[in-house]
Amino acid sequence: MPLAQNPLSVEVELPREDVALITVDGYLDVDTATEFQAHLANQLHHGRRHFLLDLSSVPFMDSSGMNIILRVYQETRKTEGSVHVISPAPAVRRILDLTGVSITVPISESVDEALTRVDEGPQTPAEPEGPNV
């Protein structure tokens, strides 16, 4: 069986008991998304409510990666938790912006900035206003 074309490396650190810093290195696509999802699910299982996703070393992400980020975002909302993307590579940032994911999931430039946002508490994205009647 051939090795994956673009292997994924995922490291997990715990800056606080309920905060998981997930550092991802490599392509986050259909071939590697299951591994990424397994790490997130494991941290949810262990009671982590806040996820800091360092995507600075991810040169490419497809819809599989975005869907996993949005799923963990939905799960953390149930426990008043949060998801923060940290310093995405330019191509990944562009995808997050074009798809609107960056409107829902905050993007921080550093771990410290993301931790400050965690401390500030949940931030509800602005609801689009409907027509005035």
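Heads up: numbering here begins at 1 and tracks the sequence.
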Chemist: Please report the shortest heavy-atom distance between Asp97 and Ser102, naming the atom on each side.
Modeler: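 Looks like OD1-OG, 2.7 Å.
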
Chemist: At what distance, to the nearest 0.5 angstrom, does CD of Glu17 lie from NE2 of His50?
Modeler: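 Nearest 0.5 Å value for the CD-NE2 distance: 11.5 Å.
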
Chemist: If the test is side chain to side chain contact (heavy atoms under 4.5 Å, CB included), which one of Thr23, Val92, Ile107 qualifies with Leu55?
Modeler: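 Result: among Thr23, Val92, Ile107, Val92 is the only option passing the side chain to side chain contact (heavy atoms under 4.5 Å, CB included) with Leu55.
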
Chemist: Which residues satisfy the side-chain contact (heavy atoms from CB on, under 4.5 Å) test with Gln43, sequence neighbours excluded?
Modeler: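 side-chain contact (heavy atoms from CB on, under 4.5 Å) check on Gln43 returns Val12, Leu14, Ala20, Ile22, Arg48, Phe51.
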
Chemist: In terms of side-chain heavy atoms, does Asp54 have a donor or acceptor partner in Ser56 at a distance below 3.5 Å?
Modeler: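 Side chains of Asp54 and Ser56: pair found under 3.5 Å.
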
Chemist: Quick one: do Arg16 and Asp119 make a salt bridge, cutoff under 4.0 Å?
Modeler: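 Yes, Arg16 and Asp119 are salt-bridged.
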
Chemist: Do Asp25 and Leu8 touch side chain to side chain, with heavy atoms closer than 4.5 Å?
Modeler: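 No, side chains not in contact.
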
Chemist: For Ser64 and Asp29, test the side chains for any donor-to-acceptor distance below 3.5 angstrom and give the result as yes or no.
Modeler: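 No, no side-chain donor-acceptor pair sits under 3.5 Å.
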
Chemist: Return the set of residues passing salt bridge (Lys or Arg N to Asp or Glu O under 4.0 Å) with Arg94 (not counting sequence neighbours), or none when no residue passes.
Modeler: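 Once residues adjacent in sequence are excluded, Arg94 has no partner under the salt bridge (Lys or Arg N to Asp or Glu O under 4.0 Å) criterion.
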
Chemist: So Val111 and Leu21, side chain to side chain contact (heavy atoms under 4.5 Å, CB included) or not? Walk me through it.
Modeler: CA-CA 8 Å; Val111 173; Leu21 169 59; 4.1 Å; yes

Chemist: Mind checking whether Arg49 and Thr76 have side chains closer than 4.5 Å, heavy atoms only?
Modeler: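 They are not in contact (no side-chain heavy atoms under 4.5 Å apart), so the answer is no.
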
Chemist: Between Glu75 and Lys78, is there a salt bridge with N-O shorter than 4.0 Å?
Modeler: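 Yes, this pair counts.
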
Chemist: Could you report the tightest heavy-atom contact between His84 and Ala114, atom names first, then the distance?
Modeler: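 So the minimum-distance heavy-atom pair works out to CB-CB, 4.0 Å.
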
Chemist: State, with a plain yes or no, whether a side-chain heavy atom of Ser82 is found less than 4.5 Å away from one of Arg117.
Modeler: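 When only atoms from C-beta onward are counted, Arg117 and Ser82 do not touch, as no gap falls below 4.5 Å.
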
Chemist: Let me know which of Leu96, Val85, Asn67, Ile95 forms a side chain to side chain contact (heavy atoms under 4.5 Å, CB included) with Val101.
Modeler: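 Going through Leu96, Val85, Asn67, Ile95 one by one, the side chain to side chain contact (heavy atoms under 4.5 Å, CB included) with Val101 is satisfied by Leu96 alone.
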
Chemist: Go through the steps to decide whether Ile86 and Leu53 satisfy the test side chain to side chain contact (heavy atoms under 4.5 Å, CB included), and finish with yes or no.
Modeler: CA-CA 6 Å; Ile86 299 171; Leu53 307 177; over 6 Å; no

Chemist: On a heavy-atom basis, which atom in Ala91 and which in Pro59 lie closest, and how many Å separate them?
Modeler: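 Looking at all heavy atoms of both residues, the closest pair is CB-O, 3.7 Å.
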
Chemist: Just wondering, do Arg71 and Gln37 contact through their side chains at under 4.5 Å, heavy atoms?
Modeler: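 Answer yes - side chains close enough.
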
Chemist: What's the shortest heavy-atom distance between Phe36 and Ile69, and which atoms?
Modeler: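 Taking Phe36 first and Ile69 second, the nearest heavy atoms are CE2-CG1, 4.2 Å.
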
